[in-house]
Engineer: 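Got a structure for you, written out below as structure tokens; questions coming shortly.
Values in this document were obtained by computation on a predicted structure and should not be read as measured data.
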Amino acid sequence: MKTFLNQNLFNSGKFFLNCLSAVLLLIFPLQAVGQYQEKAIVFEIFRGQDKIGTVVAISIADGAKQMYRIETHVDVRVVFSFKADIVVRNTFMNNVLTDAYAKRVLNGTVKVNNSILKQDVRYQMVNKDRDTTFYKGTINYCVSQLYFEEPVNKATAFSEAFLQQVPLSKSNKGTYELKLPDGNVNHYTYINGECTEVAIETQLSNVRLVRVIAPGKG
């Protein structure tokens, strides 16, 4: 059914729980009906050998329209408690970004709450403090897409969280490096064009995102 992951579910706050309750969503492409396709990917987050969270990445293609949604949930309880909930959503039409949203909540405090809306030849961008800025030009590729497809011949990716283009470079065969404005560095690894692992270097700790089912093995 084409309505299995409809627009309401795509934007719903219950999205993550619904995905986890449907096993098929976690490991296989969902549907392909004509020009309509749905795909779900799950990554487990590790710090060392400890699993500390999950990333659910969903893409929906409907003709010329492409939608992405990434939900990240981290919960660490050792000496201290750390909880992170991150949602990134965006929509493309004919490979041009039309709108996007990013929200990051750390230990109950909203750190990022951005919205992006295309307006003719520019984008209006509003952050959590309701400050408004504008980006002139066309956005064709965002950071969230790195979870789905190898960024062949891409030199930058637009960050929904930082509201700016960030440098992207190929560091090895099937591996790409994304340098973020806060000093963090993400390393994306691809097999047959599909993302299988993300290594994230931060000032406090390093973590790995490992795809639950690698391409060609599920």
Side-chain angles (χ1 to χ4, degrees), residues 5 9-10 12-30 37-61 66-77 82-90 100-106 112 141-152 154 157 159-161 166 168 170-172 174-180 182 184-202 204-218:
L5 271 180
L9 177 57
F10 192 77
S12 169
K14 297 180 180 179
F15 176 85
F16 182 75
L17 294 178
N18 285 326
C19 284
L20 289 183
S21 66
V23 176
L24 288 179
L25 296 184
L26 302 183
I27 57 176
F28 296 115
L30 303 179
Q37 291 185 317
E38 298 173 355
K39 186 176 183 179
I41 305 171
V42 168
F43 295 84
E44 293 181 336
I45 305 173
F46 292 90
R47 188 180 65 176
Q49 299 300 313
D50 298 325
K51 179 183 173 182
I52 61 172
T54 305
V55 175
V56 176
I58 295 289
S59 68
I60 298 177
Q66 182 80 42
M67 295 178 289
Y68 299 94
R69 183 179 176 105
I70 315 294
E71 285 211 24
T72 303
H73 297 275
V74 175
D75 194 350
V76 180
R77 301 176 185 274
F82 175 81
K83 185 175 182 180
D85 298 290
I86 304 168
V87 177
V88 178
R89 174 193 58 76
N90 52 38
Y101 170 80
K103 186 174 185 179
R104 180 187 301 157
V105 180
L106 303 181
V112 173
Y141 195 79
C142 291
V143 170
S144 57
Q145 291 171 270
L146 291 166
Y147 287 95
F148 298 95
E149 57 195 39
E150 186 171 353
V152 178
K154 297 285 193 303
S159 170
E160 302 93 334
V166 291
L168 178 66
K170 187 173 184 178
S171 55
N172 209 333
T175 305
Y176 297 78
E177 181 180 272
L178 185 75
K179 294 185 178 180
L180 299 173
D182 61 358
N184 293 352
V185 181
N186 295 357
H187 302 272
Y188 297 82
T189 299
Y190 298 83
I191 296 177
N192 298 325
E194 296 189 29
C195 185
T196 58
E197 183 171 332
V198 184
I200 301 175
E201 301 175 5
T202 75
L204 299 177
S205 179
N206 295 340
V207 299
R208 293 183 304 119
L209 282 59
V210 180
R211 187 165 171 161
V212 172
I213 299 295
K217 295 184 179 181

Engineer: As an exercise, state the distance from CG of Leu168 to CG of Asn186, rounded to the nearest 0.5 Å.
Structural biologist: 10.0 Å
Engineer: With Glu150 as reference, evaluate Tyr190, Tyr188, Tyr176 under the side-chain hydrogen bond (donor to acceptor under 3.5 Å, both in side chains) test and give the passing residue.
Structural biologist: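 Per the side-chain hydrogen bond (donor to acceptor under 3.5 Å, both in side chains) rule, the option paired with Glu150 is Tyr176, out of Tyr190, Tyr188, Tyr176.
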Engineer: side-chain contact (heavy atoms from CB on, under 4.5 Å) for Ile70 and Val55? Distances and angles first, verdict last.
Structural biologist: CA-CA 7 Å; Ile70 315 294; Val55 175; 3.7 Å; yes
Engineer: With side-chain contact (heavy atoms from CB on, under 4.5 Å) as the criterion, how do Val112 and Lys103 come out once you've worked through the C-alpha distance, each side chain's angles and the decisive distance to 0.1 Å?
Structural biologist: CA-CA 5 Å; Val112 173; Lys103 186 174 185 179; over 6 Å; no
Engineer: Indicate the atoms forming the closest heavy-atom contact of Val143 with Ser159, along with that distance.
Structural biologist: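 In this case the closest contact between Val143 and Ser159 is CG2-CA, 3.7 Å.
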Engineer: Can you spot which of Ile200, Thr54, Thr72 makes a side chain to side chain contact (heavy atoms under 4.5 Å, CB included) with Ile45?
Structural biologist: Thr72
Engineer: What I'd like to find out is whether the side chain of Gln66 reaches to under 4.5 Å of the side chain of Ser59, using heavy atoms alone.
Structural biologist: yes
Engineer: Closest heavy-atom contact between Cys142 and Ala157?
Structural biologist: C-CB, 4.1 Å
Engineer: What do the steps show when you test Val207 against Ile52 for side-chain contact (heavy atoms from CB on, under 4.5 Å), and what is the final call?
Structural biologist: CA-CA 9 Å; Val207 299; Ile52 61 172; 4.1 Å; yes
Engineer: Return the NZ to NZ distance between Lys170 and Lys154, rounded to the nearest 0.5 Å.
Structural biologist: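 Output value for this atom pair is 13.0 Å.
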Engineer: Measure from the ring center of Tyr68 to the ring center of Tyr147 and say whether it is less than 6.0 Å.
Structural biologist: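 They do not qualify: ring centres at least 6.0 Å apart.
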Engineer: With no hydrogens and no angle check, do the side chains of Ser144 and Glu160 hold a donor and an acceptor under 3.5 Å apart?
Structural biologist: yes
Engineer: One thing to verify: whether Glu194 and Lys39 come together as a salt bridge, which I'm taking to mean a side-chain N less than 4.0 angstrom from a carboxylate O.
Structural biologist: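 Between Glu194 and Lys39 there is a salt bridge, with a charged N closer than 4.0 Å to a carboxylate O.
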Engineer: Distance check, rounded to the nearest 0.5 Å: His187 atom NE2 versus Leu178 atom CG?
Structural biologist: 9.5 Å
Engineer: At their closest point, which heavy atom of Leu146 faces which heavy atom of Pro151, and how far apart are they?
Structural biologist: CD2-CG, 3.6 Å
Engineer: State, yes or no, whether a side-chain contact exists between Arg69 and Val87 at a heavy-atom distance under 4.5 Å.
Structural biologist: yes
Engineer: Do Glu197 and Arg211 sit within salt-bridge range, that is, some charged N less than 4.0 Å from a carboxylate O?
Structural biologist: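 Here Glu197 does not pair with Arg211 in a salt bridge, since their nearest N and O are not under 4.0 Å apart.
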Engineer: What closest approach, in Å, do Lys179 and Val166 show between heavy atoms, and which atom pair accounts for it?
Structural biologist: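 Closest approach of Lys179 to Val166: O-CB, 3.7 Å.
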Engineer: Can you tell me how far CG of Asp182 sits from OG1 of Thr202, rounded to the nearest 0.5 angstrom?
Structural biologist: 8.5 Å
Engineer: Measure across Asn206 and Arg47 and return the closest heavy-atom pair with its distance rounded to 0.1 Å.
Structural biologist: O-CG, 3.8 Å
Engineer: Taking the six-membered ring of Phe46, is NZ or CZ of Lys51 closer than 6.0 Å to its centre and within 45° of its axis?
Structural biologist: no
